[in-house]
Amino acid sequence: MAEVLVYVDHVDGAVRKPTLELLTLARRVGEPVAVALGAGAEATAAVLAEHGAVKVLTADAPEFTDYLVVPKVDALQAAYDAVSPAAVLVPSSAEGKEIAARLAVRIGSGIITDAIDLEAGDEGPVATQAAFAASFTTKSRVSKGTPVITVKPNSAPVEAAPAAGAVEALAVTFGALATGTKVVSRTPRESTGRPELTEAAIVVSGGRGVNGAENFHLIEDLADSLGAAVGASRAAVDAGWYPHTNQVGQTGKSVSPQLYIATGISGAIQHRAGMQTSKTIVAINKDAEAPIFDLVDYGVVGDLFEVVPQLTGEIKAR
Ligand code: FAD
């Protein structure tokens with residue numbers, strides 16, 4: 001069976017969920033060979049093996065943290081040269097997309113970004129993408145070279161599938177460009193203790209209807225009762241009620257959780273663009289004519305200041 005390279009997104013050896021989802025998809029088109037780079041790379045091997053990696057190629061060097069993405073591209077290319085895979089899968093993070101694009105240029109391949117599904121096809125893997133604010137889905141395959149495909153978080157289930165997970169050191173020679181852009185400083189974002197917005201299984205978002213930063217605790221309380229991330233519409237962000245890092249939509253983040261709860265959000269096309277692929281959508285809005293109700297699975301017509309605390313209380317009581 002053909003091997004499929006999977007680029008591992010991890011933090012000091014803790015593998016992030018989108019990578020485990022990639023392993024599920026990779027198994028549909030071949031045998032996953034994981035590529036883990038940087039500090040803690042070897043520590044990723046056990047969990048990658050549990051989720052189907054037949055092999056884990058690891059490399060660590062100061063270049064991976066001291067410089068921007070080019071050293072990682074050098075390493076992924078070294079893995080590509082060593083394995084000659086049938087496809088290369090990379091998580092659709094900002095960094096992942098840059099790594100994937102640079103690799104595709106180097107190996108002369110076509111690239112598909114932000115796939116939401118992947119299946120085997122007669123002429124290579126076929127990726128599904130959401131188009132026009134997720135009003136349509138398209139299926140495409142790369143017709144030139146080895147497909148390089150980035151996949152959006154929450155697009156596939158995480159499935160246990162024990163495999164060998166043999167760990168091998170990857171020999172990497174850094175090119176002249178690797179040290180071209182040095183990282184000067186890093187400022188970690190203050191942790192809220194909530195899941196990362198783009199990776200969360202549940203997202204609770206607030207919009208203009210929340211009517212002030214001082215009321216966003218209602219959205220946070222509901223999110224915390226569900227172990228969810230907090231999102232916001234652009235109207236709420238522009239009003240300064242919630243940080244831009246939490247904005248969902250065309251000019252914010254794109255999320256695809258199992259459950260998306262929109263509170264006090266009208267459902268403008270630009271907001272839909274970032275959440276329409278959510279598996280189950282719930283809206284709480286006092287206007288029964290709000291466009292958000294056109295795409296929901298469950299809708300509550302009511303005042304969020306009454307409905308949200310009741311919902312939070314009910315969930316906490318269970
Ligand atoms: P509104 O449209 O004002 O809706 C508020 C809703 O709250 C209403 O439906 C109202 O009935 C309801 N409501 C009010 N009070 C209550 C209450 N007490 N209880 C229950 N419901 C209540 N928007 C984004 O969200 N993300 C983007 O990334 C984004 N990018 C954009 C890019 C461009 C180029 C442009 C032009 C626009 C973009 N927008 C984006 C803005 C978008 O067009 C909308 O203006 C925005 O989404 C509206 O936010 P909202 O739904 O919170 O506010």
Side-chain angles (χ1 to χ4, degrees), residues 92-94 97 113-114 116 129-136 152-155 189 192 194-200 202-226 228-257 259-315:
S92 266
S93 59
K97 280 194 265 196
T113 55
D114 287 338
I116 56 168
Q129 291 163 292
F132 297 120
S135 309
F136 297 91
K152 277 174 86 165
N154 284 314
S155 294
R189 216 175 359 160
T192 59
R194 298 191 183 96
E196 166 66 32
L197 183 59
T198 54
E199 294 172 17
I202 306 176
V203 174
V204 182
S205 287
R208 203 192 310 266
V210 176
N211 201 24
E214 67 279 12
N215 299 326
F216 248 84
H217 70 92
L218 292 173
I219 308 302
E220 293 181 333
D221 288 348
L222 177 56
D224 292 343
S225 74
L226 293 162
V230 175
S233 73
R234 179 160 158 181
V237 169
D238 284 353
W241 302 344
Y242 224 67
H244 180 256
T245 45
N246 295 66
Q247 184 177 313
V248 172
Q250 186 180 312
T251 42
K253 288 186 175 149
S254 193
V255 300
S256 199
L259 173 62
Y260 186 87
I261 305 179
T263 57
I265 291 177
S266 61
I269 184 80
Q270 296 89 352
H271 187 79
R272 290 176 181 216
M275 46 66 75
Q276 200 158 4
T277 54
S278 304
K279 310 296 176 294
T280 300
I281 298 172
V282 176
I284 301 166
N285 196 306
K286 67 179 184 184
D287 176 8
E289 303 297 320
I292 190 87
F293 286 125
D294 294 343
L295 75 152
V296 299
D297 298 283
Y298 303 96
V300 181
V301 180
D303 186 334
L304 72 89
F305 291 96
E306 288 170 21
V307 177
V308 172
Q310 280 180 38
L311 187 56
T312 307
E314 186 65 33
I315 292 164

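Order of appearance sets the numbers: ligands from 1, and atoms from 1 within every ligand. In this chain, residues are counted from 1 in sequence order. Predicted model, so just to flag it, every value in this text is computed and none were measured.
Shown in contact with G302 at under 4.0 Å from a heavy atom are these atoms of ligand 1, numbered in order with element: 19 (N), 20 (C). Of all atoms in ligand 1, numbered sequentially from 1 with element shown, those under 4.0 Å from a heavy atom of G252 are 28 (O). The atoms of ligand 1 that sit less than 4.0 Å from any heavy atom of D303 are 17 (C), 18 (N), 19 (N). Under a 4.0 Å criterion applied to the non-hydrogen atoms of T251, ligand 1 contributes the atoms 27 (C), 28 (O), 29 (C), 30 (N), 31 (C), 32 (C). Each of the following atoms of ligand 1 lies closer than 4.0 Å to a heavy atom of G249: 26 (N), 27 (C), 28 (O). Taking a cut-off of under 4.0 Å to the non-hydrogen atoms of A268, the atoms of ligand 1 that pass are 42 (C), 43 (O), 44 (C), 47 (O). Residue contact check: F305 has heavy atoms under 4.0 Å from atoms 18 (N) of ligand 1. Atoms of ligand 1 found under 4.0 Å from any heavy atom of Q250, numbered from 1 in the order shown, are 27 (C), 28 (O).
Ranked by closest heavy atom to atom 1 (P) of ligand 1, the top entry among G274, S266, P291 is S266. Among Q247, Q270, H244, the residue whose heavy atom sits closest to atom 37 (C) of ligand 1 is Q270. Heavy-atom proximity to atom 40 (C) of ligand 1, evaluated over E306, R234, K253, is greatest for R234. Heavy-atom proximity to atom 20 (C) of ligand 1, evaluated over R272, E289, K286, is greatest for K286. Counting only non-hydrogen atoms, the option in G206, S254, S233 that gets closest to atom 50 (P) of ligand 1 is S233.
No side-chain donor-acceptor contact under 3.5 Å links T280 and D297. Between the side chains of S205 and Y260, at least one donor-acceptor pair of N or O atoms lies under 3.5 Å.
Judged by distance alone, the side chain of H271 and the main-chain N or O of V248 form a donor-acceptor pair under 3.5 Å. In terms of modelled atom types and a separation under 3.5 Å, the side chain of K286 and the main chain of L304 share no donor-acceptor contact. A donor-acceptor pair under 3.5 Å is absent between the side-chain atoms of N285 and the main chain of A290, judged by distance alone. A donor-acceptor pair is defined here as one N or O able to donate and one able to accept, closer than 3.5 Å; such a pair exists between the side chain of K279 and the backbone of S256. A donor-acceptor distance shorter than 3.5 angstrom exists from the side chain of Q129 to the backbone of T113, with no hydrogens or angles considered.
Here's the thing with L304: one of its N/O atoms is less than 3.5 angstrom from an N/O atom of ligand 1. The shortest N or O to N or O distance between G264 and ligand 1 is under 3.5 Å. Here's the thing with V248: one of its N/O atoms is less than 3.5 angstrom from an N/O atom of ligand 1.
Between L218 and P309 the shortest heavy-atom distance is CD2-CG, 3.9 Å. The two residues V210 and F305 have their closest heavy-atom pair at O-CZ, 3.2 Å.
Other residues, nucleotides and ligands contribute only 12 or fewer heavy atoms inside 6.0 Å of the CD atom of E289.
Remark: minimum distance from atom 53 (O) of ligand 1 to any protein heavy atom is reached at R208 CB, 3.5 Å. The protein heavy-atom contact nearest to atom 13 (N) of ligand 1 is G209 CA, 3.7 Å. Among protein heavy atoms, the minimum distance from atom 8 (C) of ligand 1 is reached at N285 ND2, 3.7 Å. For atom 48 (C) of ligand 1, the closest non-hydrogen atom of the protein is A235 CB, 3.9 Å.
Considering only heavy atoms from C-beta on, V203 stays 4.5 Å or farther from L259 through its side chain.
Distance check, rounded to the nearest 0.5 Å: OG of S266 to CZ of R272 gives 9.0 Å.
Of the protein's heavy atoms, at least one falls inside 4.0 Å of atom 18 (N) of ligand 1.
Salt bridge status for E196 with R189: present, with a side-chain N to carboxylate O gap under 4.0 Å.
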